[in-house]
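Down below is the structure, laid out as structure tokens.
Residue numbers begin at 1 in each chain, while the letters A, B, ... track the order of the sequences.
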Amino acid sequence: MSLMQDPKRYTVTAALPYANGPVHIGHLAGCYLPADIYVRFLRQNQKDVKFICGTDEHGAAINIKAQKEGISPQEVVDRYHGIIDQAFKDFGIDFDIFSRTSKEVHHKTAQDFFLKLHEQGAFEEQTTEQYFDPEAQQFLADRFIVGQCPNCGFEEAYGDQCENCGSTLSANELINPKSRLSGSAPVKKETKHWFLPLNHLSGKIRNYIQAHKNWKPNVYGQCMSWLDSGDGLQARSMTRDLDWGIQVPLKDAEGKVLYVWFDAPIGYISATKELVGDDWTKYWQSDDTQLVHFIGKDNIVFHCIIFPALLMEHGGYHLPDAVPANEFLNLEGQKISTSRNWAVWLHEYLEDFPNQQDALRYALCANAPETKDNDFTWKDFQSRNNNELVAILGNFVNRVLVLMQKYYQGKIPAPDTLQAQDQEVLQNLTQAPNLIGEALGKFRFREAQTALMQLARAGNKYLAEEEPWKSVKTNPERTQTVMYVAAQVAAQLSQLMEPFLPHSAAKLRTYLNLPLLNWGQLEQQELLIPGHTVEKGALLFQKIEDAAIEAQREKLEASRKANAAAQYAPSKEPASFDDFTKMDLRVGEITQAQKVPKTSKLLKLEVNLGFEKRTIVSGISQFFNPDEIIGQKVVVLANLKPRKIKGIASEGMILMADDRSGNLHFATVAKEAEVGSTIS
RNA sequence: GGCGAGGUAGCUCAGCCGGUUAGAGCGCAGCACUCAUAAUGCUGAGGCCGCGAGUUCGAGUCUCGCCCUCGCUACCA
């Protein structure tokens, strides 16, 4: 989506951060930094733009966090809203509004939106059985149920996933489920919910997506993948049984709230209302507005399919024009993980590197995961800062300021006749705004920032070739010309840096006594007229020493060690001898093995137990080839109730050792043990 | 297993509506310079463009198959 279409105004949103934790560099690189750069660029172009964000404060995870810490959900979201808001301010992420979904205007907006859809008959009511806590008298969201993981035996698995083995679960699969509210055993009870059927919209959605073939391949591809998937688009429940969130505005909906994924994107709309009042419709319901959603790749489906579907059903809305989703940023080769504390938190970064937010902005933009997952390393961060920001950009500016002071007491000299090389540099200056602007219009932030840096490189090259420190002794007129040209480069940099490095750009402009100019004005060559005075200034960027980098790596290393230590599965509850004797454990021998078609983990085994042969389906094919395990002696749980897996009746279970890396090994017996032997 | 996105110099990444000798930054090796945070500039070495077929006068660039990484999804009792 380029600026060429020249819409009347822009609505730019950045994904609402979830208010149950602080934000880290992955969030910044993937979403907020590119959004901020884009918006600063639009503003510098005098565009009518509203940059919208805020915290997403509903949903079960916040409830849980509150319970864990013994405080109210409101206290949780208040705390993290504050931390996140401050972090964004510190990094210069310059929203027009940073709101929150707990605001009244949002509750009202979301409820009205829901009611409109309801009146239009957009929802299907469905009654299903859900777990209900009789003691707390409420239905339990998946995350409110704990129980034993059917995969790994972990006792504290949640109803949506097991944090020990990482598998995705449904609450019905948990063994001995317990309510996290009261600790009591939940009962199944019927409950009604409002589903948005997406299937009848699939044609419209497909047309909408296909009208945007220019979207990034990762975004377009994932949308089409959803539309083309075998089952098509499924109906999704837009409500939940929960007491934290936005009440479903219907009579028969006591204790039910809007699903966070319904309410969160509407938060963009509410925040716009809060910001501009009745004018909000211009930013959401007018086709001469360009609507851009910056998100991470985890949000693609919601922003490209579900949210547009909601807007379509409601009617009257302009649909998103661009969704420049980034991929993920890894940290030192590993996935960023909040729970494993494998992250660089923004607020902590600033404690360690005060006033160096532009260094991080620069490094993250230079290495942004625009087309694929990227890796952030502290060493790369250091070299970006030291070799590029300090050595190329900062150094060039400093050279100019120092020479200007030394030769002309800060007064811009009048140029003599411009030679070819002077004109070439000046021409570079007039072309740069377009070059950078075009890249930004296409959401190519790395490319844009590289073009900016090229200008500083050109400045250094120009000084090295013209050597004003030599000519000053022999040819004052020539020196004046060279310094005049060099000063123009510094001036242009102070303007073009603004979207990327706003703090340093502002500093530089004060050194140069320049205001922030419109992007359109930057094509004029003479930003600094002869006679204009510039200040002595100071260094724009600081070098980052090895010790500081080492300290950060040690911090991560500590997390790594803590994680490794915690990786043993926790001990289980005591069991009685009776419990144990219920298990019929036998020695068996694998006599046949073959892959189950269309699965990645399953092997169909035939196991000889001596008195009979059993068919057992086992999820081990990622660790063993069928051929290799024929003849393998194994321990079999023989009296496990048979169960059909992928249409095959599995009559027992092979016992496996599951190590801390998740590798499986056979629990086995001495070779001479006879098949069919009992184990006790 | 299905779907999607990637696999290009030691590292991080561009390039891909097919077209002469494949690019950038960092790192590395030389040289030059000293105004500058020992900063800068120049030159150079370094690439079976994941593997194998095919289409074409011509393929990182298109088609098919395979391998690897990441994501979604099915599956593990």
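- B/A32 and B/A39 have their C1' atoms separated by 15 Å, given to the nearest Å.
- Under the Watson-Crick or G-U wobble criterion, with both distances below 3.5 Å, B/G60 has no partner in any strand shown.
- For A/Lys543, a side-chain nitrogen or oxygen approaches OP1 or OP2 of B/A39 to under 4.0 Å.
- Residue A/Lys461 places at least one side-chain N or O closer than 4.0 Å to OP1 or OP2 of B/C42.
- For the C1' atoms, the distance linking B/U40 with B/U34 amounts to 9 Å, nearest Å.
- Minimum atom distance to the side chain of A/Arg399 is reached by B/A36, of the listed B/C72, B/U34, B/A36.
- Not less than 6.0 angstrom separates the ring centroid of A/Tyr362 from the ring centroid of A/Phe500.
- The residue among A/Val390 and A/Thr599 whose nearest nucleotide of RNA chain B lies closer to the 5′ end is A/Thr599.
- B/C16: no Watson-Crick or G-U partner with both key distances under 3.5 Å is found in any strand.
- Base pairing of B/U69 is made with B/A5, judged by Watson-Crick or G-U wobble geometry with both donor-acceptor distances under 3.5 Å.
- Here A/Lys372 lies in heavy-atom contact (under 4.0 Å) with sugar-phosphate atoms only.
- Looking at A/Val489 and A/Tyr462, their side chains never come closer than 4.5 Å, going by heavy atoms from C-beta outward.
- For the C1' atoms, the distance from B/C42 to B/C64 is 48 Å, rounded to whole Å.
- Checking A/Glu370, A/Lys216, A/Lys372 one by one against A/Asn326, the side-chain hydrogen bond (donor to acceptor under 3.5 Å, both in side chains) holds for a single residue, A/Lys216.
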Quick one, give me the B/S/- string for nucleotides 23-30 of chain B, reading 5' to 3', where B means a protein heavy atom under 4.0 Å from the base and S means that only happens at the primed atoms, P, OP1 or OP2.
--SSS---
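- Comparing B/G54 with B/C76, their C1' atoms are spaced 40 Å from each other, to the whole Å.
- No more than 12 heavy atoms of other residues, nucleotides or ligands shown are found within 6.0 angstrom of CD on A/Glu424.
- In this structure, A/Lys213 fails the cation-pi test against A/Tyr220, since its NZ or CZ atom is not both closer than 6.0 Å to the six-membered ring centre and inside 45 degrees of the ring normal.
- Taking only side-chain atoms of A/Lys646, from C-beta outward, the nucleotide of B/A74, B/A36, B/C76 with the closest atom is B/A74.
- Across all strands, A/Phe328 comes closer than 4.0 Å to no nucleic acid atom at all (heavy-atom distances).
- The shortest distance between the side-chain N/O atoms of A/Lys595 and the OP1/OP2 oxygens of B/G1 is below 4.0 Å.
- Counting only heavy atoms from C-beta on, A/Trp469 has its side chain closest to B/C35 among B/A36, B/C75, B/C35.
- Comparing the same atom, P, in B/C57 and in B/G2 gives a spacing of 34 Å after rounding to whole Å.
- When both distances must be under 3.5 Å, the Watson-Crick or G-U wobble mate of B/C28 is B/G44.
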